[in-house]
Amino acid sequence: QVRLVESGGGLVQAGGSLRLSCVASVRTFISYAMGWFRQAPGKERVLVARITWSGGSTYYTDSVKGRFTISGDNAKNTVYLQMNSLKPEDTAVYYCGAKRDYYSDYYWGQGTQVTVSS
């Protein structure tokens, strides 16, 4: 099973920036897509951004458009999330996900905490 490891979380003031990283522990794993999800206390995990390697298409949830940028290296099963103009409502545990094909379930990382102060 693929193990994903996130890093880069931390505490930042509103308006600041953070860059999250995610890598897959199994180098031979070829992902179809990788994405970033977040979960705030008492809420469900939601998709924030996703990149599909075939075609290089990206998706962003409306609340982060223009502020977050997802990028990565398909060959290395590595994905990044550049987060700019952070807001307190961005505070959550951010999870990396990867799937082997369109219909498969996501493999998950353990999450990294992002806290944005007012």
Check whether Ser25 reaches the backbone of Arg3 with its side chain - one donor and one acceptor, N or O, closer than 3.5 Å. yes
Centre of Tyr80's six-membered ring, under 6.0 Å away, within 45 degrees of the axis: is that where NZ or CZ of Arg19 sits? yes
Please determine which of Ile51, Thr61, Leu47, Ile70 meets the side-chain contact (heavy atoms from CB on, under 4.5 Å) test together with Trp36. Ile70
Could you go through Asp90 and Lys87, starting from their C-alpha distance and side-chain angles, then the distance that decides it, and tell me whether this counts as salt bridge (Lys or Arg N to Asp or Glu O under 4.0 Å)? CA-CA 5 Å; Asp90 295 319; Lys87 304 175 181 179; over 6 Å; no
Would you say the side chain of Arg45 lies within less than 4.5 Å of the side chain of Tyr95, judging by non-hydrogen atoms? yes
Between Asp73 and Thr78, does any side-chain donor sit less than 3.5 Å from a side-chain acceptor? no
Of the non-hydrogen atoms in Gln39 and Lys43, which two are nearest, and what is the gap between them? NE2-O, 3.0 Å
Which heavy atom in Ser31 sits nearest to a heavy atom in Trp53, and how many Å separate them? OG-NE1, 2.8 Å
4.5 Å side-chain heavy-atom contact, Thr112 and Leu20: yes
Has Thr91 got a side-chain atom pairing as donor or acceptor with Val116's backbone, closer than 3.5 angstrom? yes
Heavy-atom donor-acceptor pair, Gln82 side chain to Phe68 backbone, under 3.5 Å: no
Beyond-backbone contact of Thr69 with Tyr60, side-chain heavy atoms, under 4.5 angstrom: yes
Search all heavy atoms of Ala24 against all heavy atoms of Val2 and return the closest pair with its distance. CB-CG1, 4.0 Å
Atom OG in Ser21, atom CD in Glu6: separation rounded to 0.5 Å? 10.5 Å
Same cluster (ILVMFWY, side-chain, under 4.5 Å), Val23 and Val114: no
Around atom CG of Asp105, are there more than 12 heavy atoms from other residues, nucleotides or ligands closer than 6.0 Å? no
Report yes if some heavy atom in the side chain of Met83 is under 4.5 Å from a heavy atom in the side chain of Ser17; otherwise report no. no
Looking at every non-hydrogen atom in both residues, tell me the closest pair between Gln113 and Ala92 and how far apart they are. NE2-O, 3.4 Å
Kindly check if the number of other-residue, nucleotide or ligand heavy atoms within 6.0 Å of CD (Gln13) is above 12? no
Out of the candidates Trp108, Tyr107, Tyr94, Tyr59, only one should pair with Phe37 under the ring pair (Phe, Tyr, Trp, His ring centres under 6.0 Å) rule; please name it. Trp108
Is there a donor-acceptor contact under 3.5 Å from the side chain of Arg67 to the main chain of Ser85? yes
Are the side chains of Val64 and Arg38 in contact, using a 4.5 Å heavy-atom criterion? yes
Are Leu18 and Leu86 side-chain neighbours, meaning at least one heavy-atom pair lies under 4.5 Å? yes
Applying a strict under-4.5 Å side-chain criterion to I, L, V, M, F, W and Y, I'd like to know whether Tyr103 and Tyr32 cluster together. yes
Identify the heavy atoms of Cys22 and Leu4 that sit nearest to each other, and give their distance. SG-CB, 4.0 Å
